[in-house]
S.K.: 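Dropping the structure in here first, questions after.
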Amino acid sequence: MSKAIQAIRGMNDCLPNETNIWQMVETVLRRVASNYGFSEIRMPIVESTALFKRSIGEVTDIVEKEMYTFEDRNGDSLTLRPEGTASCVRAGNQHGLLYNQEQRLWYMGPMFRHERPQKGRYRQFHQFGIEAFGFASADIDAEIIMLSARLWRELGIEDVVTLELNSLGSNEERAKYREALIEYLTLHQEKLDEDSKRRMHSNPLRVLDSKNSEVQAVLVDAPKLSDYLTQESQQHFASLCQRLEAAGIKYVLNDRLVRGLDYYNRTVFEWVTSSLGAQGTICAGGRYDGLVEQLGGKATPAFGFALGIERLVLMLTSLDKAQNIRPQVDVYVAMLGDGVDIKANQLAEQWRDKVQDIRIQCHCGGGNFKKQMKRADKSGASIAIILGEDEIATQKVTIKYLRERKEQQSMDFNQVPAFLETLL
């Protein structure tokens with residue numbers, strides 16, 4: 001007997017008993033993005049490796065340790081996309097969507113990073129992303145953060161998430177701060193862990209994000225980026241905060257929030273939660289005004305975010321927010337007697353034609369009434385429509401309620417579509 005082949009570690013199947021909550025989350029994401037006038041864009045899963053090295057930064061963990069990179073038969077270096085923003089910018093540049101234009105785009109799909117799989121973090125994971133191009137002022141920053149806040153309200157998790165904000169300033173302001181931070185870290189390098197020592201010169205702002213408590217103790221007296229912001233950057237950030245306050249969106253200022261990718265400037269934000277343990281970030285993003293030009297386009301301001309769908313699903317499940325999700329089947333059609341199945345399938349097709357959103361599953365494989373009712377219950381359907389020889393003769397069906405304590409009832413064939421509408 002051959003050895004059974006297993007899925008690759010960290011790349012998980014999504015089974016039928018899980019897909020209904022995924023579909024619900026995806027429906028909310030699509031609807032809210034549409035509510036704000038964003039259009040879908042779809043990019044390939046495989047891109048040139050150079051795209052991510054130039055955008056994310058060669059001294060980031062993603063590029064150094066986590067990318068799935070390989071050579072194809074032509075000797076070209078290709079990479080399974082580890083994030084969506086760089087691909088979105090590449091597509092926008094390639095197809096002339098960005099220069100002197102305003103674009104509001106969203107995407108959804110799998111990303112890939114070779115890291116240690118753990119709760120809420122996998123090697124193949126799924127992200128939903130929002131990207132806006134051509135808007136330089138803080139109004140788009142605020143609107144997109146409002147969009148993300150609406151997602152939590154629609155999913156019923158607004159009470160367990162917190163918005164954290166920071167401003168990284170311009171590239172020039174950050175460069176001056178970088179010098180001061182390196183000088184400070186050099187004076188205290190004997191107290192830094194190996195990871196922070198390695199990043200100290202190549203990407204010192206990432207040291208601020210260290211999870212090591214001893215490193216965080218060193219950083220208490222470190223220079224603050226906010227002290228290096230010009231009046232223009234301060235006004236941009238103040239305008240954002242004012243707009244969020246006017247919209248009733250609470251936030252926490254976090255001057256250690258820097259994000260893990262090199263391309264961010266000015267506004268950065270994260271939505272965090274304690275519902276996922278150590279992996280507390282469910283959504284993050286900010287402004288990246290230099291990335292379009294960095295990837296070969298004309299200078300274009302941009303703002304966006306990405307969220308992990310696995311983490312949202314995990315949150316909704318752990319918080320019992322998935323209990324009222326519509327099941328995969330609304331109606332189960334049971335049938336008894338010779339030749340009844342042919343009529344039952346004919347009627348089911350007519351009902352699907354007249355009530356297009358209804359989910360009807362017809363029993364297959366024969367069996368007695370008890371067996372069919374077990375199948376009906378297992379399907380998750382709210383009712384069973386029973387057809388037997390007597391029902392065929394009288395042109396009626398029997399309705400049996402599976403989730404409510406109601407008496408079963410009988411109705412004419414032509415009354416069924418209107419009744420099914422009430423189920424929706």
Side-chain angles (χ1 to χ4, degrees), residues 26 29-58 60 62-63 66-72 74 76-113 123-136 140-141 143-145 147-148 151 171 259-268 283-309:
E26 291 165 357
L29 296 174
R30 289 188 179 98
R31 182 176 67 245
V32 172
S34 178
N35 288 159
Y36 284 77
F38 284 74
S39 301
E40 184 182 8
I41 184 171
R42 301 188 182 190
M43 299 88 67
I45 289 174
V46 179
E47 298 269 13
S48 168
T49 302
L51 172 66
F52 302 112
K53 286 187 174 182
R54 286 169 62 182
S55 61
I56 297 172
E58 294 203 39
T60 58
I62 295 174
V63 171
E66 299 171 1
M67 293 202 313
Y68 280 92
T69 297
F70 59 96
E71 283 193 3
D72 71 358
N74 296 326
D76 296 323
S77 181
L78 305 178
T79 295
L80 295 177
R81 62 186 186 194
E83 58 100 34
T85 299
S87 291
C88 190
V89 171
R90 190 271 312 150
N93 281 340
Q94 182 175 337
H95 300 286
L97 301 179
L98 305 184
Y99 181 57
N100 267 348
Q101 298 178 67
E102 295 178 347
Q103 296 287 352
R104 298 168 184 250
L105 305 173
W106 69 268
Y107 52 84
M108 183 159 45
M111 311 291 167
F112 303 85
R113 296 184 191 178
R123 291 178 175 173
Q124 176 177 314
F125 57 100
H126 296 75
Q127 282 189 344
F128 169 80
I130 286 282
E131 316 287 358
F133 300 96
F135 305 90
I140 195 68
D141 304 27
E143 184 178 80
I144 288 179
I145 293 174
L147 184 158
S148 64
L151 290 174
N171 291 336
R259 302 295 302 125
L261 307 179
D262 278 359
Y263 51 65
Y264 285 106
N265 69 296
R266 288 199 171 166
T267 306
V268 287
C283 172
R287 183 164 283 280
Y288 52 97
D289 294 337
L291 184 58
V292 175
E293 188 174 17
Q294 186 179 324
L295 293 179
K298 301 288 186 180
T300 303
F303 189 96
F305 72 75
L307 61 83
I309 298 179

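Just so you know, these numbers use all the heavy atoms, side chains as well, and skip hydrogens, waters and symmetry mates. Source: prediction; values computed, not measured.
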S.K.: In sequence, state the C-alpha distance, the side-chain angles, and the governing distance for Ser48 and Thr79, and then conclude on side-chain contact (heavy atoms from CB on, under 4.5 Å).
M.R.: CA-CA 6 Å; Ser48 168; Thr79 295; over 6 Å; no

S.K.: Does any donor atom in the side chain of Asn171 or Asn265 lie under 3.5 Å from an acceptor atom in the other side chain?
M.R.: no

S.K.: Rounded to the nearest 0.5 Å, what separation is found between the CZ atom of Arg81 and the SG atom of Cys88?
M.R.: 10.5 Å

S.K.: Does any part of the side chain of Arg123, heavy atoms only, come nearer than 4.5 Å to the side chain of Phe112, both counted from C-beta?
M.R.: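 Heavy-atom side-chain distance check fails, nothing below 4.5 Å.
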
S.K.: If you measure from the Lys or Arg side-chain nitrogens to the Asp or Glu carboxylate oxygens, is any gap between Glu26 and Arg31 under 4.0 Å?
M.R.: no

S.K.: Of all residues at least two apart in sequence or in a different chain, which pass the ring-ring contact (aromatic ring centres under 6.0 Å, His included) check with Tyr99?
M.R.: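 In terms of ring-ring contact (aromatic ring centres under 6.0 Å, His included), with neighbours along the sequence ignored, Tyr99 is linked to no residue.
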
S.K.: Is the shortest distance from a Lys or Arg side-chain nitrogen in Asp141 or Arg287 to a carboxylate oxygen in the other one below 4.0 Å?
M.R.: yes

S.K.: Should the pair Arg42-Glu40 be classified as a salt bridge under the 4.0 Å nitrogen-to-oxygen rule?
M.R.: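 Judged by the 4.0 Å cut-off on N to carboxylate O distance, Arg42 and Glu40 do form a salt bridge.
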
S.K.: CG of Asn35 to CZ of Arg30: how many Å apart, nearest 0.5 Å?
M.R.: 14.0 Å

S.K.: List the atom pairs, donor and acceptor, that lie under 3.5 Å between side-chain atoms in residues 127-134 and the rest of the protein, sequence neighbours left out.
M.R.:
from: Glu131; atom 1: OE1; to: Tyr288; atom 2: OH; distance (Å): 2.5
from: Glu131; atom 1: OE2; to: Thr85; atom 2: OG1; distance (Å): 2.8
from: Glu131; atom 1: OE2; to: Tyr107; atom 2: OH; distance (Å): 2.7

S.K.: So, for Phe52 and Ser87, which heavy atoms are closest and what is the spacing to 0.1 Å?
M.R.: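 Residues Phe52 and Ser87, closest heavy atoms: CZ-OG, 3.9 Å.
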
S.K.: Which heavy atom of Val89 sits nearest a heavy atom of Val292, and at what distance?
M.R.: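 Closest pair (atom of Val89, atom of Val292, distance): CG1-CA, 3.8 Å.
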
S.K.: Between Glu47 and Arg90, does any NZ, NE, NH1 or NH2 come within less than 4.0 Å of an OD or OE carboxylate oxygen?
M.R.: yes

S.K.: Check Ala86 against Leu295 and note the closest heavy-atom contact, atom names and distance.
M.R.: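 Closest heavy-atom pair between Ala86 and Leu295: O-CD1, 4.1 Å.
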
